[in-house]
Number of protein chains: 2
Amino acid sequence: MNEYSSKLLETAVHELARLPGIGKKTALRMALHILSEEAAYATNLGNAVMRMREEIVFCKKCNNISDTEECAICANPKRDENTLCVVEDTRDVLAIENTAQFNGLYHVLGGIINPIEGIGPNDIHVRHLIERVNTEEINEVILALPATVEGDTTNFYIYKLLKPFEVSITTIARGVAVGNELEFTDEITLGRSILNRLPFDDFAK
Amino acid sequence: MNEYSSKLLETAVHELARLPGIGKKTALRMALHILSEEAAYATNLGNAVMRMREEIVFCKKCNNISDTEECAICANPKRDENTLCVVEDTRDVLAIENTAQFNGLYHVLGGIINPIEGIGPNDIHVRHLIERVNTEEINEVILALPATVEGDTTNFYIYKLLKPFEVSITTIARGVAVGNELEFTDEITLGRSILNRLPFDDFAK
């Protein structure tokens, strides 16, 4: 006898359980929820997932995911096209957009260099970045990669490639998070925040 | 400007975030995971959800969800059709099936009496249960509802309706969970497990 009384339920649970962080029990709870909702919800959910996968493209300029050849950010004439922010993936674009502190353009690498997972410089959009710096009028490249060993490796790799160009290369500030106590901040972060201390004038701006 | 660079992504995140226990951030993580997988996964997931919602039916005998008019458990000639286990929903059927300790048939109520949420006796399959006891050859009805006030209310309601019939009515044992320490068991459970103590002969069986 099958574990589930319904093959249709079993298939749906199996597919839902392939989503990240979702186990069999949560998938079953989701499937029963979908069954208890009106039929339109299952149709909307199913179609949204399939249409997204079929129709989404990568922006030809910045590699961000987009509905059109050029994404809404790249196509926006109000954005400062002389400043480029280099990020790992779309989630980082969303996170930075939510701060409302950046008005330039992005360059999405689609990953970072990670030898353990077999991701080398040719597996991410680095060459495309160099091309952009070479052909577009870019004054500043902001490296906004994760504060990890892999992020630092990628930062350094890109830094070396961009050095010959007349472009200022910056990286986002690392230090004590706003609202955090010093005693609970790890030593490396605290150490760096002392080394990279700012004139209070800059801070108060 | 839109929060997401893609309307297709936004729609998928919106629909995924309607699943129970899934917030916007998890939904975004799921959507990006679906985008990174091969196209077949999105198609399989979408179709599985839609087909399940469209084609699943409720077993005409026990109200369990099923692919056919009569579910696999009711249709199985090896099951003991004289014993009926009354449960709240499909998840409970799965949980009991997984114990491999029950070989009878089920009756799925589809809910329990809950005045606060406006669920009365006519909103769940109680009348259908009485009909079954009246027409089928049932010797024992096992009440396996949640050990909550609502479960107890429903138990008592069903008990009163079934009393006139020649059928033995039992309920699943409540007591200290296997593997638990006495000192961490709540007083009501511990109290009941003393009141409902068993001859050690029964226990050792």
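Throughout, protein chains are lettered first and strands after them, A, B, ... in sequence-line order, and every chain is numbered starting at 1.
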(request) Give a yes or no on whether a salt bridge exists between E37(A) and R18(B), defined as a side-chain N under 4.0 angstrom from a carboxylate O. (result) yes
(request) Decide if atom CD of E69(B) counts as having more than 12 heavy atoms of other residues, nucleotides or ligands within a radius under 6.0 Å. (result) no
(message) Any heavy-atom pair between the side chains of M50(B) and N47(A) that's under 4.5 Å?
(response) yes
(message) Please classify the contact of T11(B) with chain A as side chain, backbone, both or neither, using a heavy-atom distance under 4.5 Å.
(response) both
(message) Could you go through V49(A) and Y41(B), starting from their C-alpha distance and side-chain angles, then the distance that decides it, and tell me whether this counts as side-chain contact (heavy atoms from CB on, under 4.5 Å)?
(response) CA-CA 10 Å; V49(A) 164; Y41(B) 175 53; over 6 Å; no
(message) Please classify the contact between I22(A) and chain B as side chain, backbone, both or neither, with a heavy-atom cut-off of under 4.5 Å.
(response) side chain
(message) Are there over 12 heavy-atom neighbours, none belonging to F102(B), within less than 6.0 Å of that residue's CZ?
(response) yes
(message) Looking at every heavy atom in both A31(B) and M52(A), which two are closest together, and how far apart are they?
(response) O-CE, 3.6 Å
(request) Please say which of T68(B), N64(B), D67(B) ends up in a side chain to side chain contact (heavy atoms under 4.5 Å, CB included) with S6(A). (result) D67(B)
(request) Would you mind checking which part of D89(A) comes under 4.5 Å of any heavy atom in chain B, side chain (CB onward), backbone (N, CA, C, O), both or neither? (result) neither
(request) Specify which of K78(B), H14(B), E54(B), E38(B) makes the most heavy-atom pairs with chain A at under 4.5 Å. (result) E38(B)
(request) Measure the spacing between CG of L19(B) and CE of M30(A) and express it to the nearest 0.5 Å. (result) 5.0 Å
(request) Check whether more than 12 heavy atoms from other residues, nucleotides or ligands sit under 6.0 Å from atom CZ of R127(B), and answer yes or no. (result) no
(request) Using non-hydrogen atoms and a 4.5 Å limit, figure out which bit of L28(B) sits close to chain A: side chain, backbone, both or neither. (result) side chain
(message) If you compare all heavy atoms of R29(B) against all heavy atoms of G21(A), which two are closest, and at what distance to 0.1 Å?
(response) NH2-N, 4.4 Å
(message) With a 4.5 angstrom heavy-atom cut-off, is it the side chain or the backbone of L32(B) that approaches chain A, or both, or neither?
(response) side chain
(request) Among I34(A), V93(A), T26(A), single out the residue with the greatest number of heavy-atom pairs under 4.5 Å to chain B. (result) I34(A)
(message) Among V13(B), N44(B), V57(B), which residue has the highest count of heavy-atom pairs closer than 4.5 Å to chain A?
(response) N44(B)
(request) For F165(A), look at atom CZ and say whether over 12 heavy atoms of other residues, nucleotides or ligands are found less than 6.0 Å away. (result) yes
(request) Output the option from C71(A), S66(A), S36(A), A39(A) having the highest count of non-hydrogen pairs under 4.5 Å with chain B. (result) A39(A)
(message) For E81(A), is the CD atom crowded, meaning more than 12 foreign heavy atoms sit under 6.0 Å from it?
(response) no
(request) Any chance you could measure I65(B), atom CD1, to L35(A), atom CG, to the nearest 0.5 Å? (result) 5.5 Å
(request) Find the distance between CG (L45(B)) and CD (E15(A)) and round it off to the nearest 0.5 Å. (result) 6.5 Å
(request) Verify the neighbour count for atom CZ of R132(B): are there more than 12 heavy atoms of other residues, nucleotides or ligands below 6.0 Å? (result) yes
(message) Return the CZ to NZ distance between R91(A) and K25(B), rounded to the nearest 0.5 Å.
(response) 10.0 Å
